[in-house]
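In what follows, chains are A, B, ... by sequence order, proteins preceding strands, each numbered from 1.
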Protein chains: 2
Amino acid sequence: MATGRTHRPATRSRGIPEATVARLPLYLRALTALSERSVPTVSSEELAAAAGVNSAKLRKDFSYLGSYGTRGVGYDVEYLVYQISRELGLTQDWPVVIVGIGNLGAALANYGGFASRGFRVAALIDADPAMAGKPVAGIPVQHTDDLEKIIQDNGVSIGVIATPAGAAQQVCDRLVGAGVTSILNFAPTVLSVPDGVDVRKVDLSIELQILAFHEQRKAGEEAMESLAEGLPATAKGSTDQGPDGDVPAVMPA
Amino acid sequence: MATGRTHRPATRSRGIPEATVARLPLYLRALTALSERSVPTVSSEELAAAAGVNSAKLRKDFSYLGSYGTRGVGYDVEYLVYQISRELGLTQDWPVVIVGIGNLGAALANYGGFASRGFRVAALIDADPAMAGKPVAGIPVQHTDDLEKIIQDNGVSIGVIATPAGAAQQVCDRLVGAGVTSILNFAPTVLSVPDGVDVRKVDLSIELQILAFHEQRKAGEEAMESLAEGLPATAKGSTDQGPDGDVPAVMPA
DNA sequence: CAATCTTTGTGCACGCGTTCACAAAGACAT
DNA sequence: ATGTCTTTGTGAACGCGTGCACAAAGATTG
């Protein structure tokens, strides 16, 4: 639908690739740790190891931001912390609302990671009237009826959805209608939003299923290896129950 | 295509691209919803819309699993649910342990998404002796000292880490040492694991920072536009005030 | 000041994933 | 049975991200 209409270059304003943007927070975290230990400079090799990435990738990532390193020395930690923070927009204050104060929503409200860097929980919103006024993480929960007013009064542009799946799209529509343009979705649903609104999803169930796939594959390979060599299962495969009984079909060449 | 052997869909356990695997849970969710509505068949176009992806991508994804569709008709919902479930390893039971029963860990334990498909919370583990024995989500919390025994007794191969960042690597090492080969990490740290162990991370802070980046970029573009056109900044994003105008997800044919 | 050493920044090639576009396959109507 | 219509399955082209390998840049030493 509407393909080829307004060609919108996603990350064209600065030309920073999306993959790079996704790694910047990782670098920032590693750099912050170094900064707290008063380390003045760091090489791409060291920093890459701390962030769990390839050093060439890290250097290329930084090259998109500019030339902030010194050859023969490395990168100035403090300077880089500042540059990345600025690039990510963390030098300003981001008021955030959390909608859906159940188990997960409450946990998110209590999570320290919010306040740490530029993000501030401006309001908690729930549809349950019984929750209204009740403080969670020191913040009184407000009712969904006031959602639009809360968004506008606080200048909120980032919303977190932690409602049940059934309510997510409706909440999303109201958030977007009230001016929110970035949404972090914890509900297990695909949200549809108009152009210009960013959605990122965090889905426990999906992550587990991906792990299960690889786990099954590992178990299958392991079973086939011991089958092929006629070896009994070694220490590792203590739980190779195959209730499925289905041996993956891999044709030996 | 591929090997002419009708032996079986040759590209089974091997050769499924990672990107495809990551989308299978999405398809499965959409298909399950259709199944509950007793929809017998679905076209790639409809299913793709429901899953929020491109229809060509969906067809290619399914082609890696085998030829499960009927040209001119579409895909049989029930059959596809079964095939994807099997491929993802959801036909078997996956006992899972959650380590770190703080706000987040407790929320995860209560999360319904676990029990729904093949995953079962086998144990909750925390380092705080005061927590020991206390039930969370109907499951008594056990102490970290017994971690290895718990893993082995329950045949656990998937672990969830919801501890503070400082404890994550240590917990990870013990999990891996006890036989866990898949880890879902909620702690804001890079975990290092030996080969053969899969780690997926869920990091609220990183997601927010990525959103902030795009948010800042949008604000910058908007400011530049209104600057260029000499327009005063109006109520943010007010151009698109169609709150209910857009029908979500399912498109009428 | 010149030589050497360290580390950055990047051109290039490669592989993966996405998308297009269309022939083949099957359902359905006549 | 034949033709038409719908939808799949996939070859091919393209673009993005990754990693190698190395020249350039600057620090450091004698």
Mind listing the N/O atom pairs, protein and nucleotides 17-21 of chain D, below 3.5 Å?
{"unit_1": "D/dT18", "atom_1": "OP1", "unit_2": "A/Arg23", "atom_2": "NH1", "d": "2.9"}
{"unit_1": "D/dT18", "atom_1": "OP2", "unit_2": "A/Arg23", "atom_2": "NH1", "d": "3.3"}
{"unit_1": "D/dT18", "atom_1": "OP2", "unit_2": "A/Arg23", "atom_2": "NH2", "d": "2.8"}
{"unit_1": "D/dG19", "atom_1": "OP2", "unit_2": "A/Lys57", "atom_2": "NZ", "d": "3.2"}
{"unit_1": "D/dG19", "atom_1": "O6", "unit_2": "A/Lys60", "atom_2": "NZ", "d": "2.7"}
{"unit_1": "D/dA21", "atom_1": "N6", "unit_2": "A/Arg59", "atom_2": "NH2", "d": "3.4"}

Angle between the two end axes of the helix from C/dC1-D/dG30 to C/dT30-D/dA1, five base pairs per end, rounded to 10 degrees?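 The angle, to the nearest 10 degrees, is 10°.
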Taking only side-chain N and O atoms of B/Ser43, does any of them lie within less than 4.0 angstrom of OP1 or OP2 on D/dT7? no
Taking 4.0 Å as the cut-off, does a side-chain nitrogen or oxygen of B/Ser44 come that near to OP1 or OP2 on D/dT7? no
Figure out the CZ/C1' separation between A/Phe62 and C/dG9, and round it to whole Å.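 Rounded to the whole Å, the gap is 13 Å.
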Nucleotide C/dG9, atom P - distance to CD of A/Glu45 in whole Å: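 Answer to the nearest Å: 14 Å.
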Side-chain contact test, heavy atoms from C-beta onward, threshold under 4.5 Å: evaluate it for B/Leu90 versus B/Phe119 and give yes or no.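 In short, these two side chains touch, coming nearer than 4.5 Å.
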Donor-acceptor check, side chain of [X] to backbone of [Y], threshold 3.5 angstrom: yes or no?
X        : Y        : answer
A/Trp94  : A/Gly89  : yes
A/Ser35  : A/Leu31  : no
B/Thr20  : B/Ile16  : no
A/Lys218 : B/Thr181 : yes
A/Gln216 : B/Glu87  : yes

Pairs where residues 203-212 of chain A contributes a residue and the test side chain to side chain donor-acceptor pair (under 3.5 Å) is met, not counting sequence neighbours: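 Every pair satisfying side chain to side chain donor-acceptor pair (under 3.5 Å) with a residue in residues 203-212 of chain A: A/Asp203-B/Arg29, A/Ser205-A/Gln209, A/Glu207-B/Arg200.
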Holding to ring pair (Phe, Tyr, Trp, His ring centres under 6.0 Å), I want the full list of residues that pass it with A/Phe186, two or more places apart in sequence or in another chain. none
Using a 4.0 Å heavy-atom cut-off, does B/Tyr75 contact any base of the nucleic acid, only the sugar-phosphate backbone, or nothing at all?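 Counting heavy atoms under 4.0 Å across all strands, the contact made by B/Tyr75 is with sugar-phosphate only.
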How does each nucleotide of nucleotides 23-30 of chain C score, in 5' to 3' order, for protein heavy atoms under 4.0 Å: base (B), sugar-phosphate only (S), or none (-)? -BB-S---
Is it the case that atom CD in A/Gln92 sees more than 12 heavy atoms from other parts of the structure closer than 6.0 Å?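 Check passes, neighbour count above 12.
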Residues, nucleotides or ligands: over 12 heavy atoms within 6.0 Å of A/Gln170 CD: no
Who passes salt bridge (Lys or Arg N to Asp or Glu O under 4.0 Å) against A/Arg174, sequence neighbours left out?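 Once residues adjacent in sequence are excluded, the partners of A/Arg174 under the salt bridge (Lys or Arg N to Asp or Glu O under 4.0 Å) criterion are A/Glu148.
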